[in-house]
Amino acid sequence: MENMKLLISVSPQTSLRLLKIISQKRSLSLGKSIHAQLIISNLFNIIESNYLIDIYSKCGHISAARQVFDFMPNRNLVSVSSLMAGYFHNGYPSEVLSAYRIMGFGQSCSCPNEFIFATVLASCSDLQALEEGQQCHAYVLKSGLIFHSYIKNVLLHMYLTCSSMEDALQVFRSMPGLDIISFNSMVNGLLDHGRMSDALYLLTRMVAEISQWDHITYVAVLGLCADSRDLLLSRQVHCQTSKRGIEANLFVASAIVDAYGKCADSNAALSSFRGFSSRNVVSWTSIMSACTQNLSFEETLKLFVEMLADGVQPTEFTYAVVLSACAALAALSNGHLLNAHALKLGYNAHLTVGSALINMYSKSGSVEDALKIFMGLTWKDIISWNCMINGFSHNGLGREALVIFHRMLTEGVAPTYVTFIGVLLACSHLGLVDEGFYYINHFMRNLGIVPGVEHHTCIVGLLCRAGLLNQANVYMTTTDSNWDIVSWRTLLSACLVHRKFLLGRRVADYVLHLHPDDAGTYISLSNMYAKENRWDKVVKIRRLMREKCIKKEPGVSWIQVRDKVHVFASGDNQHPLIENIHKKIAELIDEIKAIGYAPKTASFLHDVEEEYKEGYLNYHSEKLAVVFGLMSMPSEAPIHVIKNLRMCDDCHIAIKLFSKVTKRKIVVRDVNRFHCFEGGVCSCDDYW
DNA sequence: CTAGGGTTAG
């Protein structure tokens with residue numbers, strides 16, 4: 001710094017050399033001091049001012065750049081294009097176009113050159129301003145500027161982002177002298193439009209026409225690997241990049257992690273991520289996304305903590321990924337924490353973060369908080385609406401879901417495939433049979449949305465809920481859809497709830513014909529027999545399951561208390577406080593027996609599985625977790641428990657009564673829906 | 001002195 005003052009006062013050539021270095025280094029503080037020196041010595045000319053515009057723009061101080069520009073007594077084309085580039089790179093493409101309009105080229109100013117058009121066309125791309133872009137196209141054709149390679153490529157990019165693939169292809173085909181940048185743009189454009197085979201064809205052409213691929217070509221190829229879920233190809237490309245030393249590039253590194261994640265190999269994603277020498281937010285976010293997509297939710301949370309410890313600031317993408325991991329885990333307290341964190345950094349206003357928060361809160365049993373977030377959004381898109389509608393529906397709040405749906409229609413937002421899953425689910429909760437059929441048969445059809453198996457399954461649920469089980473069965477057998485095991489289970493469990501055992505057994509036989517080893521169906525069947533006290537049949541089914549080595553997925557429930565997640569499996573005694581928990585359960589069972597609870601047992605049989613024996617039900621995982629929660633949470637705090645299977649009958653009754661005798665709010669998220677127990681009743685109205 | 005293509009999301 002001391003030397004700099006001397007240099008400026010000594011020679012103007014040296015000051016230009018200094019300015020060049022400062023521009024390359026993007027040093028705001030040095031730029032400011034040399035600016036001050038120039039003012040003091042009153043020595044600056046057009047070139048020095050242009051440098052200052054460039055430096056301020058590159059350092060994100062666009063208003064300072066504008067000030068320098070405005071105070072210049074004389075300007076040239078470089079002054080204009082530097083300022084335009086500044087506006088463009090700082091995210092103000094519309095300023096570039098208005099600057100162009102008021103510039104008065106050809107009159108007071110000389111004609112625009114290739115530098116000006118490069119930035120103007122790039123701004124058209126960002127603004128999706130096809131018409132302006134076409135006007136530029138005409139000008140660069142007439143003026144001959146089209147022969148500059150920069151102009152050619154930026155024009156191609158404009159058509160790729162603003163117009164049809166056909167227009168872009170026409171520009172691409174008519175362009176002489178294609179270079180690596182034109183090819184890269186075209187490949188990426190094709191991939192963006194989902195035209196994978198065309199992209200692949202172009203890549204084979206690139207092998208012949210481009211001597212050396214660069215890192216951006218590899219990013220495109222890795223995008224192709226990810227889109228086509230081709231693990232082998234991903235490995236091959238990864239190897240090539242590391243051989244050529246390109247994997248050190250952070251764009252390439254992130255693309256490698258993403259490709260492995262999309263190809264369902266989270267181990268490869270993790271080990272390649274660990275092997276990279278440098279990291280940034282994007283590569284961190286990519287690895288977290290890879291883990292979340294492959295159901296390693298805890299890993300995502302651990303990585304997030306590690307990233308923060310590394311001093312890397314999250315972005316809206318990061319929050320979206322981590323929040324969706326929280327949603328999957330129903331990790332409400334982590335989600336709360338992330339909400340506060342995002343709020344502090346100002347990311348709460350972002351659409352993706354907002355939707356992720358709505359999703360997280362509604363999947364963690366706190367719809368009230370989800371609604372608060374939703375109402376606080378200044379900008380809503382279709383995904384925010386869908387998250388809120390589905391959030392309400394999944395929590396059994398059909399009325400509220402429909403209110404949001406109608407508000408969405410009034411605001412002129414067009415519903416989508418996902419919207420109607422929530423809407424039909426809401427109809428099912430409310431018993432609105434006619435409305436449900438109206439939505440699926442007319443409303444969706446008028447919008448050109450073809451109903452999928454999710455919608456049809458909602459209709460089955462709707463009919464079942466209304467007690468129209470035969471109609472539900474007929475609907476399933478006569479409607480052409482990709483009926484899956486989920487849809488059949490909807491009908492089966494309805495048969496159980498409504499005690500339609502004849503139909504239930506017939507359906508179960510049919511399902512076992514389609515899915516011979518489905519444990520859930522065997523269990524439903526045996527539950528139906530158990531409800532009729534036909535224990536001989538129960539024993540037979542259990543024996544059959546043993547012979548076929550079909551195992552029931554063990555019931556697991558978990559609850560978060562402070563910073564720790566406590567996991568309970570049915571009948572296991574792993575928890576350090578298990579003695580106290582059993583004692584507490586026994587006390588509570590005695591209490592609720594006094595108000596009418598009658599436990600179900602089949603103690604008179606020895607050949608029945610453990611779970612039917614006396615007292616065994618008391619060791620069901622959800623009871624263990626709920627009672628542990630009652631013991632360890634402050635007395636006003638609601639108890640949030642998550643279970644991997646559907647809740648069992650007995651636990652449902654017992655927990656309802658627990659909520660009454662303890663005056664606590666208890667929320668259990670099972671694999672299907674939420675049960676919100678309060679004052680002895682459940683939000684599911686005993687139907688699940 | 002100024003300009004081009006690229007990674008992560010609900």
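Chain identifiers are assigned alphabetically (A, B, ...) following the order of the sequence lines, protein sequences preceding nucleic acid strands; residue numbering begins at 1 within each chain.
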| remark: Looking only at B:dG6, B:dT8, B:dG10, the nucleotide nearest the A:Thr285 side chain is B:dT8

| field | Nucleotide nearest A:Thr119 when distance is taken to its side chain, options B:dG10, B:dA3, B:dG5 | value | B:dA3

| Rounded interatomic separation in angstrom, taking CG from A:Asn359 and P from B:dG10 | 9 Å

| request: Starting from C1' on B:dG4, measure out to CG on A:Leu155 and report it in whole angstrom. | output: 12 Å

| request: Check whether the ring centres of A:Phe69 and A:Tyr56 lie less than 6.0 Å apart, and answer yes or no. | output: no

| Side chain of A:His157 - closest among B:dA9, B:dG6, B:dA3 | B:dG6

| request: Look at all strands and tell whether A:Ser149 reaches a base, only sugar-phosphate, or nothing, counting heavy atoms closer than 4.0 Å. | output: base

| field | Candidates B:dG6, B:dC1, B:dG10 - which lies nearest the side chain of A:Asn50 | value | B:dC1

| Does atom CD of A:Gln128 have more than 12 heavy-atom neighbours, drawn from other residues, nucleotides or ligands, at distances under 6.0 Å? | yes

| request: Answer yes if the ring centres of A:Phe273 and A:Trp284 are under 6.0 angstrom apart, and no otherwise. | output: yes

| query | Just checking A:Ile53: base, sugar-phosphate only, or nothing, at a heavy-atom cut-off of under 4.0 Å? | reply | nothing

| field | Short side-chain N/O contact to B:dG4 OP1/OP2 from A:His89, under 4.0 Å | value | yes

| field | Gap between atoms OH and P, on A:Tyr56 and B:dC1 respectively (whole Å) | value | 20 Å

| Among B:dA3, B:dG4, B:dT2, the one nearest A:Asn113 by side-chain distance | B:dT2

| message | Mind checking if A:Val321 touches a base, just sugar-phosphate, or nothing, with heavy atoms under 4.0 Å? | response | sugar-phosphate

| task | Can you sort out which residues in residues 253-276 of chain A have a heavy atom within less than 4.0 Å of DNA chain B? Ascending by number, please. | result | A:Ser254, A:Asp258

| said: So, under a plain 3.5 Å distance rule, would you say the side chain of A:Ser355 forms a donor-acceptor pair with the base of B:dG10? | reply: yes

| With centres under 5.5 Å and planes under 30°, do A:Phe317 and B:dA9 count as stacked? | no

| query | Can the ring centres of A:His350 and A:Tyr319 be said to be less than 6.0 Å apart? | reply | no

| field | Phosphate-side-chain proximity, A:Gln293 and B:dT8, N/O vs OP1/OP2 below 4.0 Å | value | no

| query | Is a donor-acceptor contact shorter than 3.5 angstrom present between the side chain of A:Asn386 and the base of B:dG10? | reply | no

| said: For A:Tyr347 together with A:His341, are the ring centres under 6.0 Å from each other? | reply: no

| Pairs touching residues 354-365 of chain A that satisfy salt bridge (Lys or Arg N to Asp or Glu O under 4.0 Å), sequence neighbours left out | none

| said: At less than 3.5 Å, do the side-chain atoms of A:His215 and the base atoms of B:dG6 form a donor-acceptor pair? | reply: yes

| field | Pair A:His137 + A:Tyr159: ring centers closer than 6.0 Å | value | yes

| request: Among B:dA3, B:dG5, B:dA9, find the nucleotide with the atom closest to the side chain of A:Tyr150. | output: B:dA3

| note | Between CD1 of A:Ile181 and C1' of B:dG5 the distance, given in whole Å, is 6 Å

| Base B:dG4 paired with A:Asp179 side chain (donor-acceptor, <3.5 Å) | yes

| message | Nearest to the side chain of A:Ala320, heavy atoms from C-beta on, is which of B:dT8, B:dC1, B:dG10? | response | B:dG10

| said: What contact category does A:Leu250 fall into here, base, sugar-phosphate, or nothing, at under 4.0 angstrom with non-hydrogen atoms? | reply: base

| Between B:dG4, B:dC1, B:dG5, which one does the side chain of A:Lys20 approach most closely? | B:dC1

| request: Classify the nucleic acid contact of A:Asp381 as base, sugar-phosphate or nothing, counting any heavy atom under 4.0 Å across all strands shown. | output: base

| How many Å lie between CG on A:Asn184 and P on B:dG4, as a whole number? | 15 Å

| said: Just N and O in the side chain of A:Ser289: are any of them under 4.0 Å from OP1 or OP2 of B:dA9? | reply: yes

| field | Heavy-atom check, side chain of A:Phe392 versus side chain of A:Ser362, under 4.5 Å | value | no

| query | Does the side chain of A:Ser79 come under 3.5 Å of the side chain of A:Asn50 through a donor N or O and an acceptor N or O? | reply | yes

| For atom CD1 of A:Ile358 and atom C1' of B:dG10, their distance in whole Å | 9 Å

| A:Phe115 aromatic ring stacked with six-membered ring of B:dT2, 5.5 Å and 30° | yes

| request: Specify the separation, in whole Å, of atom CG of A:Asp54 and atom P of B:dC1. | output: 11 Å

| field | Rounded distance (Å) that lies between atom C1' of B:dT8 and atom CG of A:Asn249 | value | 14 Å

